[in-house]
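The model shown is predicted, which means the values in this text are computed figures rather than measured ones. Labels below follow one simple rule: chain letters A, B, ... track the order of the sequence lines, proteins then strands, and each chain is numbered from 1.
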2 protein chains.
Amino acid sequence: MTGNLKDRHFPDVMECWARLQRSSGAVLSRVEVRLKAEGFPPLGWYDVLLELRRADGVGLRPVDIEKRMLLAQYNVSRLIERLVGASYVDKRRAPDDGRGVMIFLRPEGEALLERMWPVYREAVETEFAAHLDDEEAETLWKLLGKLLP
Amino acid sequence: MTGNLKDRHFPDVMECWARLQRSSGAVLSRVEVRLKAEGFPPLGWYDVLLELRRADGVGLRPVDIEKRMLLAQYNVSRLIERLVGASYVDKRRAPDDGRGVMIFLRPEGEALLERMWPVYREAVETEFAAHLDDEEAETLWKLLGKLLP
DNA sequence: TTAAAATAGATGCAGATGCATGAAAATACA
DNA sequence: TGTATTTTCATGCATCTGCATCTATTTTAA
């Protein structure tokens with residue numbers, strides 16, 4: 001059933017697709033396991049805090065975070081809710097837009113980034129990077145870029 | 001902070017890692033949206049039914065499904081529970097192992113595979129394969145293989 | 001053979017996600 | 001200007017996932 005129509009693709013488009021999902025999922029779960037084992041929150045927390053640090057004190061709108069992280073709107077809303085609850089970020093009314101809010105990184109959030117970083121980097125190094133040399137990583141990076149929106 | 005230690009990697013291991021997660025997640029969600037729009041269940045259902053069809057009438061143990069799909073044990077257990085509830089599979093006691101069960105594909109499950117397949121293939125073609133030529137797909141396939149367990 | 005360890009699977013509970021929808025403000029445009 | 005549309009964010013509800021743990025059975029090994 002798989003590959004009987006216009007089988008012009010190598011080795012089979014569906015195989016390649018399945019491998020993308022399996023391999024990225026497997027590596028992600030191994031990295032998450034390592035972080036959890038050290039008592040850290042999920043990677044999504046790190047990613048949001050990192051985006052905020054890149055914003056460099058200016059603060060971000062949830063809608064910006066949503067676009068940068070490719071997350072659903074309600075997902076961002078609740079992730080921020082948890083980050084506020086854990087005192088890693090502040091949420092204030094947006095000064096120039098009555099509908100919106102602005103999210104700011106707190107020192108506690110910055111500290112969490114600092115503490116997570118070495119564990120995170122080590123995990124990605126071991127579970128991901130160790131399997132590829134520089135040239136392979138570069139090629140992978142370029143190919144994956146073609147899949148981005 | 002990102003890339004200050006032994007920056008021998010291109011362009012940055014963390015960038016490559018992030019792109020793997022972003023791109024695979026983005027493509028997956030677009031494919032799932034298409035399936036849902038046609039009224040179909042999540043991809044995980046399809047994947048289990050497909051594994052069962054590949055088993056060709058013999059049936060599979062949940063533990064086999066777990067290993068093939070790289071899912072957590074409780075996740076498989078509950079996915080099967082839903083598939084049984086929806087009458088897509090049967091669950092019987094394993095004849096040779098009193099602890100276990102055997103899962104069998106029912107005709108209704110086979111029919112679901114048939115109905116989902118064209119939509120699924122079209123979605124993967126559009127959201128994934130259309131962005132890569134054959135050679136690129138082959139290269140990607142090989143690189144991703146290095147990340148598998 | 002019998003006790004300890006490992007394996008297969010289920011499940012209660014808490015937390016997270018997806019969906020649909022709501023409220024409030026901004027923008028478009030007639 | 002005034003109304004319709006769009007944008008921003010929150011939330012009730014159902015479903016799904018993760019964790020820890022439980023039972024039952026099989027395997028190991030003393």
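- Of the possible donor and acceptor atoms, one in the side chain of Glu136(A) sits under 3.5 Å from a partner among the backbone N and O of Asp133(A).
- Note: CG (Leu79(A)) to P (dA10(D)) measures 12 Å, nearest angstrom.
- In this model, the phosphate group of dA16(C) is not approached by any side-chain N or O of Asn75(A) to a distance below 4.0 Å at OP1 or OP2.
- For the pair Asp96(A) and Trp45(A), nearest-nucleotide mapping onto DNA chain C gives the more 5' position to Trp45(A).
- Looking only at distances, no side-chain donor or acceptor of Glu51(B) sits under 3.5 Å from a matching main-chain atom of Met69(B).
- Between Arg106(B) and Glu110(B) no salt bridge is recorded (no basic side-chain N to carboxylate O distance below 4.0 Å).
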Chi angles and distances behind the side-chain contact (heavy atoms from CB on, under 4.5 Å) call for Val31(A), Tyr120(A): CA-CA 7 Å; Val31(A) 169; Tyr120(A) 184 24; 4.1 Å; yes
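- The distance between atom CZ of Arg93(A) and atom P of dA24(C), rounded to the nearest whole Å, is 11 Å.
- Note: CG (Leu70(B)) to P (dG18(D)) measures 13 Å, nearest angstrom.
- Between the side chain of Ser77(B) and the backbone N or O of Gln73(B) there is no donor-acceptor pair closer than 3.5 Å.
- Between Arg82(A) atom CZ and dG18(D) atom P the separation is 13 Å, expressed in whole Å.
- Between Lys36(B) and dC19(C) there is a side-chain polar atom (N or O) within less than 4.0 angstrom of OP1 or OP2.
- Taking the six-membered ring for Trp and thresholds of 30 and 60 degrees, Trp117(A) and Tyr46(A) have nearly parallel ring planes, at less than 30 degrees apart.
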Heavy-atom protein contacts under 4.0 Å, nucleotides 3-12 of chain C, coded B base, S sugar-phosphate only, - none: ----BSBBBB
